[in-house]
There are 2 protein chains.
Amino acid sequence: MRHPPEQKSRSREKLVRASASLAKQQGFAGSGVDALVSAAGFTSGAFYRHFEGKDELLSSIVETELEATRARFSTLEPRNEEQLLLALDAYLSLAHVRHPEAGCVLPPLASEVGRAPHETKKVFERALSELMAVLSEKVGDSSAAFALLNQCVGAVMIARGLATDNAKHEVLAAARQSVRASLASLRMRPPPQGTF
Amino acid sequence: MRHPPEQKSRSREKLVRASASLAKQQGFAGSGVDALVSAAGFTSGAFYRHFEGKDELLSSIVETELEATRARFSTLEPRNEEQLLLALDAYLSLAHVRHPEAGCVLPPLASEVGRAPHETKKVFERALSELMAVLSEKVGDSSAAFALLNQCVGAVMIARGLATDNAKHEVLAAARQSVRASLASLRMRPPPQGTF
DNA sequence: GTCTATATTACGATAGAC
DNA sequence: GTCTATCGTAATATAGAC
């Protein structure tokens, strides 16, 4: 967000994608710049030709990752409950809990955005609003879409902190059940904007 | 959890409580040991007489903080929907979002537990299960209690990453609405274990 | 038990060669 | 654009005085 008319270089993209995986795994504050860039096969000297500093990298990671999440939900049909449940069940799976590096950016990094510079929060807010626009369309209700996101993100984050698979499963199963109940109650209470 | 029969010293307690506030504000990985202990008025030399290392401090913070959260919910009457809603609305408030240092440990630090040693996760799992035992009693349904926790934790964490109050409010309002819907559907579907 | 001082390593960032 | 080398700082942890 620092270089408005910039043509995103191939190296910069590679840097963002590789460092995103590492940051989702080890945390952003917990990963040094050297480790972050060498995950993409570069050294720190190259990094600072693409980014003003570490802060700008977090902005780019968040933006790119939320856009990727948005893209995945974009393929669903609007208000197709079956499709939506399939996607949410995948989100609320043990596989997702076990592989943060390949998963959604929100459970591992949202709390770090809360401590980041205001510039990063602005990027986060914009990218999240675009994700929520898509999710709201698929769910059919904006408030319900936010609540589904909160539920899913909270469940995966908490499950990752637990020691045993039994406990992880308990949290995930509760979330899946809650998601089903939310969608079912939405089904009974049809569209807020009557199109008749 | 390293010193099983230990009598927790006054200094150790002070160290844990003060460093918990700082860690909730700045992150645990983002806070140096010096900053953590000087928040309690000590220097790092004293710290290592009480803890084996930084990892053990995180375990203690998580344990102490989850116990504090448990204590706050313990005062509620079981299945008193009005009381419960009051507590959840306070959790889902802008004040809570704005003051992580005084708030629940889960939104700011749960993701760090996910990257912590297994020992820390065991402490987390035990302390969380005690919290959930209390919360389940107040809610009247264990699975619903987990879902309420997921919802609240996710909402506060995401709200903290947003730039504007409008956006924060949107996330919190959606969570409060979802919480109300969950409790209402629980009200209609009475106790699973029929006491007749 | 706590402090001061310090060893050692890691971090964020820059300089200069290529 | 990228690398190597490095500067200055801050990190985790320890030693030894009190």
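Residue numbering restarts at 1 for every chain, and letters A, B, ... go by the order of the sequence lines.
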Undergrad: Looking only at side-chain atoms of Arg49(A), point me to the closest of dT2(D), dT12(D), dT2(C).
TA: dT2(D)
Undergrad: Return the set of residues passing side-chain contact (heavy atoms from CB on, under 4.5 Å) with Ala174(A) (not counting sequence neighbours), or none when no residue passes.
TA: Ser143(B), Phe146(B)
Undergrad: Within this structure, what is the CZ-to-C1' distance between Phe28(A) and dC11(C), rounded to whole angstrom?
TA: 13 Å
Undergrad: Report the distance from atom CG of Leu57(A) to atom P of dA13(C), rounded to the nearest whole Å.
TA: 11 Å
Undergrad: Measure NZ/Lys54(A) against P/dC11(C) and give the value in whole Å, please.
TA: 8 Å
Undergrad: Going by an N to O cut-off under 4.0 Å, is there a salt bridge joining Arg180(A) and Glu82(A)?
TA: no
Undergrad: Quickly work out the Phe47(A) CZ to dT4(D) P distance and round it to whole Å.
TA: 18 Å
Undergrad: When you measure from the side chain of Ser11(A), which nucleotide among dA5(C), dT2(C), dT2(D) comes out closest?
TA: dT2(D)
Undergrad: List in chain and number order the residues that pass side-chain hydrogen bond (donor to acceptor under 3.5 Å, both in side chains) with Glu137(B), two or more places apart in sequence or in another chain; answer none if no residue qualifies.
TA: none
Undergrad: Any sub-3.5 Å donor-acceptor pair from His96(B)'s side-chain atoms to Tyr91(B)'s backbone N or O?
TA: yes
Undergrad: Any side-chain heavy-atom pair from Ser9(B) and His50(B) closer than 4.5 angstrom?
TA: yes
Undergrad: Give a yes/no on whether any side-chain N or O of Tyr48(A) is located under 4.0 angstrom from OP1 or OP2 of dT14(C).
TA: no
Undergrad: Is it true that Asp141(A) and Arg79(A) have a side-chain N and a carboxylate O under 4.0 angstrom from each other?
TA: no
Undergrad: Please report, rounded to the nearest Å, how far the P atom of dA13(C) is from the CG atom of Asp55(A).
TA: 7 Å
Undergrad: So which of residues 30-43 of chain A are in contact with DNA chain D, with a heavy-atom cut-off of under 4.0 Å?
TA: Gly41(A), Phe42(A), Thr43(A)
Undergrad: Rounding to a whole Å, what distance do you find between Phe51(B):CZ and dT14(D):C1'?
TA: 17 Å
Undergrad: Rounded to whole Å, how long is the line connecting atom CD of Glu13(B) with atom C1' of dG1(C)?
TA: 16 Å
Undergrad: Could you tell me the separation between the NE2 atom of His50(B) and the P atom of dG1(C), rounded to a whole number of Å?
TA: 6 Å
Undergrad: Is any side-chain N of the basic residue among Arg70(B) and Glu67(B) closer than 4.0 Å to the acidic one's carboxylate O?
TA: yes
